[in-house]
Q: 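Here you go, one structure.
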There are 2 protein chains.
Amino acid sequence: MTTDLDLVDGLVQLSFIVQSVVGRIAGRMELSVTQARMLAVLEDREIGMLELAGILELEKSSVTGLVDRAEQRGLVSRVPVPGNRRAVHVIVTPAGRSLAGEFRRAVRAEITAVTGSFSSGEQDRLSHSITALIYRYAASHAIPL
Amino acid sequence: MTTDLDLVDGLVQLSFIVQSVVGRIAGRMELSVTQARMLAVLEDREIGMLELAGILELEKSSVTGLVDRAEQRGLVSRVPVPGNRRAVHVIVTPAGRSLAGEFRRAVRAEITAVTGSFSSGEQDRLSHSITALIYRYAASHAIPL
DNA sequence: TATTGTTATACTCTATAACTATA
DNA sequence: TATAGTTATAGAGTATAACAATA
């Protein structure tokens with residue numbers, strides 16, 4: 001029985017724990033956290049380099065290298081955009097999609113191992129609060145969801 | 001009015017948001033996230049290179065460079081350990097402590113801007129759940145608190 | 001022999017600035 | 001001129017392996 005952490009400290013500590021889990025799992029697949037994140041983003045949508053840079057909060061030149069390395073490993077492809085010859089879209093390959101799924105499942109397993117002992121009501125309340133936090137942050141930072 | 005995120009997805013997304021905030025604030029002070037974290041760790045305690053490596057989850061050789069760069073900026077110092085001539089302790093300097101405080105306050109301000117609109121009861125419940133998560137994780141990973 | 005830390009080296013990741021090609 | 005992307009370059013951060021000094 002210990003005193004609860006301050007909310008800000010708790011959020012920061014928790015973020016380091018989650019990132020540590022994510023980083024360890026990514027590392028096992030020889031992915032950087034950024035690469036794993038890119039694959040997760042591309043699971044849903046097909047986007048250009050600039051948009052990818054925006055989502056990952058990187059410079060466009062950094063995304064060039066990021067996509068280069070993933071493309072060399074056969075995880076993503078650059079495809080031309082019809083009607084705009086200077087643009088490319090990045091798409092995830094079957095191999096990349098498979099790795100993204102493996103990554104997602106591994107993260108889920110490891111985090112669920114910690115959250116799983118919460119009652120289902122407690123999990124729901126926590127999901128609700130976290131969702132609210134994310135939406136409030138997104139609203140105040142003009143982040144598209 | 002949207003559906004709540006899945007708990008695992010929410011925790012992962014939230015961790016990226018918090019890390020983004022932390023990274024942006026650290027960047028303004030020309031610190032990497034790891035350097036800021038090191039300063040925060042050293043605010044409380046005076047430890048050796050190996051222990052620091054353990055806390056930051058880095059190899060000891062990486063910590064050599066990390067401490068070198070911080071020492072060159074006058075943020076930390078290596079001091080000898082009485083009674084063990086091969087060991088050193090890393091301590092935060094007044095300048096480093098000042099920067100750590102500035103960092104801590106800036107992070108607090110930005111995160112509080114998001115959490116502040118929660119009712120105090122809601123904040124308490126959230127702190128409680130997050131504290132429980134952190135302790136459960138620490139217990140299952142043999143992390144000293 | 002084991003422990004604490006550093007050095008040498010190489011690679012990934014990232015940013016800045018300049019560039020190419022297209023709109 | 002503006003937009004989408006790449007290239008050239010440099011620096012930070014990290015790891016592995018070998019090393020030095022002390023316990």
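Below, read A as the first sequence line, B as the second, and so on, with proteins coming before strands; counting in each chain starts at 1.
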Q: Taking the basic N atoms (NZ, or NE/NH1/NH2) and the acidic carboxylate oxygens, is any pair closer than 4.0 Å for R78(A) and E71(A)?
A: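 A salt bridge is present here (some side-chain N lies under 4.0 Å from a carboxylate O).
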
Q: Of the candidate nucleotides dA15(D), dA23(D), dT6(D), which contains the atom at the shortest distance from the side chain of R86(B)?
A: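 That would be dA23(D).
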
Q: Taking it one step at a time, do E46(A) and V90(A) satisfy side-chain contact (heavy atoms from CB on, under 4.5 Å)?
A: CA-CA 6 Å; E46(A) 166 181 333; V90(A) 187; over 6 Å; no

Q: Quickly work out the L31(B) CG to dA12(D) P distance and round it to whole Å.
A: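 Going from CG in L31(B) over to P in dA12(D) covers 13 Å.
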
Q: If only atom types and distance count, is the side chain of H141(B) paired as donor or acceptor with the main-chain N or O of Y137(B) below 3.5 Å?
A: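 Such a contact is found between H141(B) side chain and Y137(B) backbone.
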
Q: Remember a base hit wins even if backbone is also touched, and classify V63(A) as base, sugar-phosphate or nothing at under 4.0 Å, heavy atoms.
A: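 Nothing, no heavy atom under 4.0 Å.
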
Q: Starting at atom CG of L56(A), determine the distance to atom P of dA15(C), rounded to an integer number of angstrom.
A: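 Those two atoms, CG and P, are 11 Å apart.
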
Q: For dT22(C), does the base pair up with any side-chain atom of R85(A) as donor and acceptor (N or O, under 3.5 Å, distance only)?
A: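 It does not, because no donor-acceptor pair links the side chain of R85(A) to the base of dT22(C) below 3.5 Å.
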
Q: Taking for each residue the nucleotide of DNA chain D bearing the nearest heavy atom, is the 5' side occupied by M49(A) or by T34(B)?
A: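 Mapping each residue to its closest nucleotide by heavy atoms, the 5'-most match is M49(A).
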
Q: Specify the separation, in whole Å, of atom CG of L52(A) and atom P of dC13(C).
A: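 One finds 14 Å between P of dC13(C) and CG of L52(A), rounded.
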
Q: Answer yes when E110(A) and R24(A) have at least one side-chain N-carboxylate O distance shorter than 4.0 Å, and no when they do not.
A: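 A salt bridge links E110(A) with R24(A).
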
Q: Send over the distance from R28(A) CZ to dA15(D) P, rounded to a whole Å.
A: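 It works out to 17 Å between those atoms.
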
Q: Which part of the nucleic acid, if any, lies within contact of E51(B), taking any heavy atom under 4.0 Å across all strands shown: a base, the sugar-phosphate backbone alone, or nothing?
A: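 No contact.
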
Q: Calculate the interatomic distance between E59(A) atom CD and dT6(D) atom C1'; express it in whole Å.
A: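 Rounded to whole Å, this separation is 14 Å.
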
Q: For Q35(A) and dT12(C), is the shortest distance between a side-chain N/O and OP1 or OP2 below 4.0 Å?
A: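 Negative; the distance criterion is not met.
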
Q: Check the distance between dT16(C)'s P and L58(A)'s CG and give it to me in whole angstrom.
A: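 The distance from CG of L58(A) to P of dT16(C) comes to 12 Å, rounded to the nearest Å.
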
Q: Taking the side chain from T131(A) and the backbone from L5(B), do they hold a donor-acceptor pair closer than 3.5 Å?
A: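 Answer holds: yes.
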
Q: Find the distance K60(A):NZ to dC13(C):P and express it as a whole number of Å.
A: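 The answer, rounded to whole Å, is 21 Å.
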
Q: Okay, side chain of S62(A), backbone of L58(A): is any donor-acceptor separation there less than 3.5 Å?
A: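 Not at all, since once roles are kept as given, no pair shorter than 3.5 Å links the two residues.
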
Q: At under 4.0 Å, does any side-chain N or O of S32(B) touch on OP1 or OP2 of dG13(D)?
A: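 It does, given that an N or O in the side chain of S32(B) lies less than 4.0 Å from OP1 or OP2 of dG13(D).
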
Q: Please work out if E30(A) contacts a base, only the sugar-phosphate, or nothing of the nucleic acid, heavy-atom cut-off 4.0 Å.
A: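 Touches nothing.
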
Q: Tell me what N84(A) touches on the nucleic acid: a base, only sugar-phosphate, or nothing, going by heavy atoms under 4.0 Å.
A: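 If one applies the 4.0 Å heavy-atom cut-off, N84(A) turns out to touch the sugar-phosphate alone, with no base involved.
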
Q: State whether T64(A) places a side-chain N or O below 4.0 Å from either non-bridging phosphate oxygen (OP1 or OP2) of dT6(D).
A: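 Yes, within the criterion.
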
Q: Please report, rounded to the nearest Å, how far the P atom of dG5(C) is from the CD1 atom of I47(B).
A: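 So the CD1-P distance, I47(B) to dG5(C), works out to 10 Å.
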
Q: For a quick test of reading the model: is some side-chain N or O of R78(A) closer than 4.0 Å to OP1 or OP2 of dT6(D)?
A: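 So the side chain of R78(A) is within the cut-off, an N or O lying under 4.0 Å from OP1 or OP2 of dT6(D).
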
Q: So, under a plain 3.5 Å distance rule, would you say the side chain of S61(A) forms a donor-acceptor pair with the base of dT16(C)?
A: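 Pair found.
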
Q: Look at all strands and tell whether G65(A) reaches a base, only sugar-phosphate, or nothing, counting heavy atoms closer than 4.0 Å.
A: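 The residue G65(A) makes no contact with any strand.
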
Q: Would you tell me if any nitrogen or oxygen in the side chain of R69(A) comes within less than 4.0 Å of OP1 or OP2 on dC13(C)?
A: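 For dC13(C), OP1/OP2 do have a side-chain N/O of R69(A) under 4.0 Å.
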
